[in-house]
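Atoms considered below: every heavy atom in the structure, side chains included; atoms not considered: hydrogens, waters and symmetry mates. Worth saying up front: this structure is predicted, and the values here are computed from it rather than measured.
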Amino acid sequence: MSSTKLNRLTRWGSAALALSLVPACSTSPGSRASSIEWQSQPRERSKAEAPAPEAGLAQAETEAAPVDDAVYEKAEASDAKADVAMPSPKQVPAKPAGAMAPVESRREAMAVMKRAEPMAGVAVAPASPPPPPPSRSMPPAGGMPMQQPEPQSQGNSFAHHAANAFTETAKDRFSTFAVDVDTASYAVSRRYLNQGALPPHAAVRVEEFVNYFKYRYTPPEQGAFTVHLEGAPSPFNANRQFVRVGVQGKVVSRSQRKPAHLVFLVDTSGSMSQQDKLPLAKEAMKLAVKNLNENDTVAIVTYAGSTRDVLSPTPATNLESIYKAIDTLESGGGTAMGSGMQMAYKHAVKKASGNAVSRVVVLTDGDANIGPNVSADAMLNSIQGYVKEGVTLSTIGFGMGNYRDDLMEKLANKGNGNCFYIDSYKEAKKVFETQLTGTLEVIAKDVKIQVEFDPKVVSRYRLVGYENRDIADKDFRDDKVDAGEIGAGHSVTAVYEVELTGEKAPLGTVRIRAKAPNGTEAAEQAFPFEQKMLRATLDGASADFRFALAVAATADVLRGSPSAQGWNLATVQKLAEGAIDGQTDREEFTKLVVRARGLLGSSMARDGR
């Protein structure tokens with residue numbers, strides 16, 4: 001054999017050996033060159049502990065391409081060709097010390113390793129691109145797969161909440177919960193599905209799926225909100241009905257809302273370098289600023305290894321200065337979220353008053369080490385103190401692989417604000433353009449809903465979702481108990497599954513208790529749920545009702561709810577397709593249902609029950 005051929009074989013052999021030794025990835029014959037098989041890693045380093053990436057790799061990852069949805073959704077386009085789950089992870093040998101690997105393989109390996117240690121008590125999901133949990137076996141014909149525990153692995157982290165079970169009305173006639181207008185769960189789950197994987201059970205919160213969409217509720221002529229009640233037979237069980245409680249907040253125009261002071265708290269740590277993180281966050285901020293009023297102001301604080309004042313409070317009309325400050329933001333270093341939060345709130349509290357909106361807006365992948373001498377609990381407690389002074393909080397999540405959904409939701413709840421997830425420029429426009437006034441202008445706070453069912457009419461009931469917004473029945477009229485907020489024009493929808501006795505009488509009473517934005521005492525309203533609000537057939541129900549039911553049912557299936565076993569997503573798909581009502585968001589949802597059916601297995605996709 002010639003020396004040239006021998007050298008060539010040696011080079012190929014060395015490359016193959018190095019590739020096979022990279023942690024978290026291996027190649028198999030017949031697989032695509034770009035395929036990666038993931039495995040669980042030992043405890044990974046936090047951002048502060050992680051070594052700096054090699055110069056060449058860092059440069060490649062931080063070079064910014066033009067910002068548009070084609071860039072952010074490139075991975076999703078290739079997955080859209082097949083509605084099948086990705087292969088299950090395989091265990092591979094660990095890389096021995098000193099072994100080298102090609103840059104592309106190291107890039108994937110580092111993406112897996114560079115995540116903060118998850119908080120105790122939270123479910124951790126695989127990194128992006130996220131393979132479906134291996135434990136989800138093919139379901140029996142016509143029904144849901146039997147529930148199985150999901151494996152623990154490093155990656156995105158979500159707080160788990162067990163689905164509400166049926167309650168005997170004779171034993172407990174009251175169902176009490178705080179309102180929720182967050183939408184992060186739907187956007188995160190959509191990304192999983194578009195990348196060809198089922199979202200982890202803990203990532204799915206039914207109420208955030210349902211409340212992602214707009215419903216044509218009539219706004220109130222006076223007061224903060226109106227209530228819309230409707231019910232119809234279940235498409236899954238002839239002995240049950242679904243009922244919907246819809247709350248619509250009053251509408252406030254952009255010109256009518258109070259002046260706003262926004263403090264953008266931007267994560268500029270090393271993990272934010274990816275195109276769908278800091279570059280997308282910068283575009284989102286520009287959208288927000290462009291849609292502010294002449295009396296609004298903007299400040300920017302960043303946090304990485306240390307915190308930094310990038311922009312002092314500046315009139316929103318000074319677009320040139322604000323955009324220039326945004327453009328200077330670059331990623332690098334560790335994470336000290338707690339320290340940045342303290343600085344941002346100190347800015348915001350200076351502008352807080354009854355006549356103005358003062359809000360901190362956190363933009364991050366959620367991968368936080370909290371910061372020196374600052375625990376998660378201490379940070380949450382400090383936020384509560386600022387809430388009392390009138391500062392609210394929005395958390396905006398970006399990216400995958402180390403996304404801390406559990407922390408983002410906690411921060412928003414404690415901060416009397418809302419939690420969003422942005423995965424594309426289109427979603428950024430929805431959050432920071434279409435919904436900006438509703439996000440900024442709070443029309444009612446500590447909003448609680450209590451549904452009292454009549455045991456003579458309703459034998460059993462369950463609230464589909466809102467598990468992490470549960471409030472003790474005795475606390476409904478305790479105005480010291482914190483609840484949720486409703487922004488201008490926001491709607492809140494809750495879906496119940498009920499079993500009726502056949503008695504022809506009102507199902508019960510819906511009560512809402514809420515405070516004015518600057519109030520300390522709550523006012524209460526009551527609305528009877530009359531029999532005439534029940535439709536004889538599902539087809540006779542409004543398009544909004546049918547679509548909300550389709551969304552709630554899909555979420556209940558995706559999170560593996562015991563009560564949803566046996567539900568057929570083919571039925572859900574037809575229900576959603578018949579209620580699109582000309583809305584593009586609804587059309588997109590029906591396509592996600594098709595993808596979910598394929599991922600859940602061929603037997604789930606059969607039309608026969």
Side-chain angles (χ1 to χ4, degrees), residues 144 147 161-180 205-207 210 227-247 447-479 481 483-484 492-514 522 524-538 541 545 548-549 552-553 555-557 559-567:
M144 273 284 296
Q147 263 197 322
H161 300 278
N164 290 324
F166 271 95
T167 299
E168 301 289 337
T169 313
K171 296 180 180 179
D172 182 4
R173 64 170 65 191
F174 296 104
S175 170
T176 310
F177 61 97
V179 299
D180 186 358
R205 293 184 289 275
V206 177
E207 65 277 9
V210 175
V227 173
H228 300 263
L229 305 172
E230 190 174 6
S234 167
F236 310 112
N237 189 318
N239 298 318
R240 293 176 183 167
Q241 304 259 336
F242 281 97
V243 297
R244 180 196 63 176
V245 177
V247 178
V447 184
K448 305 171 189 173
I449 297 178
Q450 185 174 79
V451 181
E452 179 184 3
F453 290 107
D454 186 344
K456 296 178 181 177
V457 183
V458 179
S459 59
R460 297 202 309 161
Y461 67 88
R462 77 175 180 105
L463 174 58
V464 188
Y466 290 92
E467 287 81 9
N468 65 335
R469 296 301 182 116
D470 181 66
I471 291 178
D473 296 335
K474 64 181 178 62
D475 291 336
F476 177 64
R477 293 188 174 91
D478 185 346
D479 293 343
V481 175
V492 178
T493 300
V495 175
Y496 284 88
E497 188 177 15
V498 302
E499 294 180 2
L500 305 180
T501 63
E503 183 77 20
K504 298 301 180 183
L507 278 67
T509 303
V510 177
R511 297 183 178 89
I512 297 185
R513 193 170 178 84
E524 184 175 321
Q525 293 176 273
F527 305 85
F529 202 132
E530 305 283 358
Q531 274 280 334
K532 64 182 180 181
M533 298 171 180
L534 292 179
R535 312 305 174 202
T537 65
L538 187 56
F545 177 91
L549 173 54
D556 222 21
V557 168
R559 68 172 175 165
S561 170
S563 297
Q565 291 196 25
W567 288 8

- [ ] Could you tell me whether a side-chain N or O of S459 sits under 3.5 Å from a main-chain N or O of E499, the two making a donor and an acceptor?
- [x] yes
TODO: Measure the shortest side-chain to side-chain distance between R513 and Q450 over non-hydrogen atoms and say whether it is less than 4.5 angstrom.
DONE: no
Open item on the list: How close do R511 and A526 get, counting heavy atoms only, and between which atoms?
Closed with: CG-CB, 4.1 Å
- [ ] Tell me, please, which residues at least two apart from H161 pass ring pair (Phe, Tyr, Trp, His ring centres under 6.0 Å).
- [x] none
Task: Atom of A232, atom of L538 and distance for their closest heavy-atom approach - done: CB-CD1, 3.9 Å
Open item on the list: For a 4.5 angstrom cut-off between non-hydrogen side-chain atoms, does P235 reach W567?
Closed with: no
Task: Smallest separation among heavy atoms of I471 and A483, with atom names - done: CD1-CB, 4.2 Å
Open item on the list: For the backbone of V458 and the side chain of T169, can you confirm whether one donor and one acceptor N or O come within less than 3.5 Å of each other?
Closed with: yes
Open item on the list: Quick check: do E503 and D454 have side-chain heavy atoms less than 4.5 Å from each other?
Closed with: no
TODO: Report the distance from atom NZ of K504 to atom CD of Q531, rounding to the nearest 0.5 Å.
DONE: 5.0 Å
Task: Listed partners of E467 passing salt bridge (charged side-chain N to carboxylate O under 4.0 Å, His left out), at least two apart - done: R559
Task: Backbone of A522 reached by a side-chain donor or acceptor of D479 within 3.5 Å - done: yes
TODO: Nearest 0.5 Å please: distance from the CG atom of N468 over to the CZ atom of F177.
DONE: 12.0 Å
Task: Heavy-atom pair with the smallest gap, counting every atom of V457 and P506 - done: CG2-O, 3.5 Å
Open item on the list: Taking Y466's backbone N and O only, do any of them form a donor-acceptor pair with E207's side chain (distance below 3.5 Å, no angle check)?
Closed with: yes
Open item on the list: Working note: L507 + L229, criterion side chain to side chain contact (heavy atoms under 4.5 Å, CB included); need CA distance, chi angles, decisive distance, verdict.
Closed with: CA-CA 11 Å; L507 278 67; L229 305 172; over 6 Å; no
- [ ] Report yes if some heavy atom in the side chain of D470 is under 4.5 Å from a heavy atom in the side chain of T176; otherwise report no.
- [x] no
Open item on the list: Quick one, F527 and V247 - any side-chain contact, counting heavy atoms below 4.5 Å?
Closed with: no
Open item on the list: To the nearest 0.5 Å, what is the distance between CG on D478 and NZ on K448?
Closed with: 6.0 Å
Open item on the list: I need the minimum non-hydrogen distance between S561 and A163, along with the two atoms involved.
Closed with: OG-CB, 3.7 Å
Open item on the list: Using 0.5 Å steps for rounding, measure from the CZ atom of R462 to the OG atom of S563.
Closed with: 4.0 Å
Open item on the list: With heavy-atom distances below 4.5 Å as the criterion, would you say the side chains of K456 and T501 are in contact?
Closed with: no
Open item on the list: Quick check against the 3.5 Å criterion: does R244 have a side-chain atom that pairs as donor or acceptor with the backbone of V495?
Closed with: no
TODO: Calculate, to the nearest 0.5 Å, the distance between atoms CD and CG belonging to Q241 and L500 respectively.
DONE: 5.0 Å
- [ ] With the side chain counted from C-beta on, respond yes when F476 and E452 share a heavy-atom pair under 4.5 Å apart, and no when they do not.
- [x] no
Task: Y461: ring pair (Phe, Tyr, Trp, His ring centres under 6.0 Å) partners, not counting sequence neighbours - done: F453
- [ ] Decide yes or no for M533 and V243: does some side-chain heavy atom of the first lie under 4.5 Å from some side-chain heavy atom of the second?
- [x] no
Task: Atom pair CG/CD1 of D180 and I449 - distance to nearest 0.5 Å - done: 10.5 Å
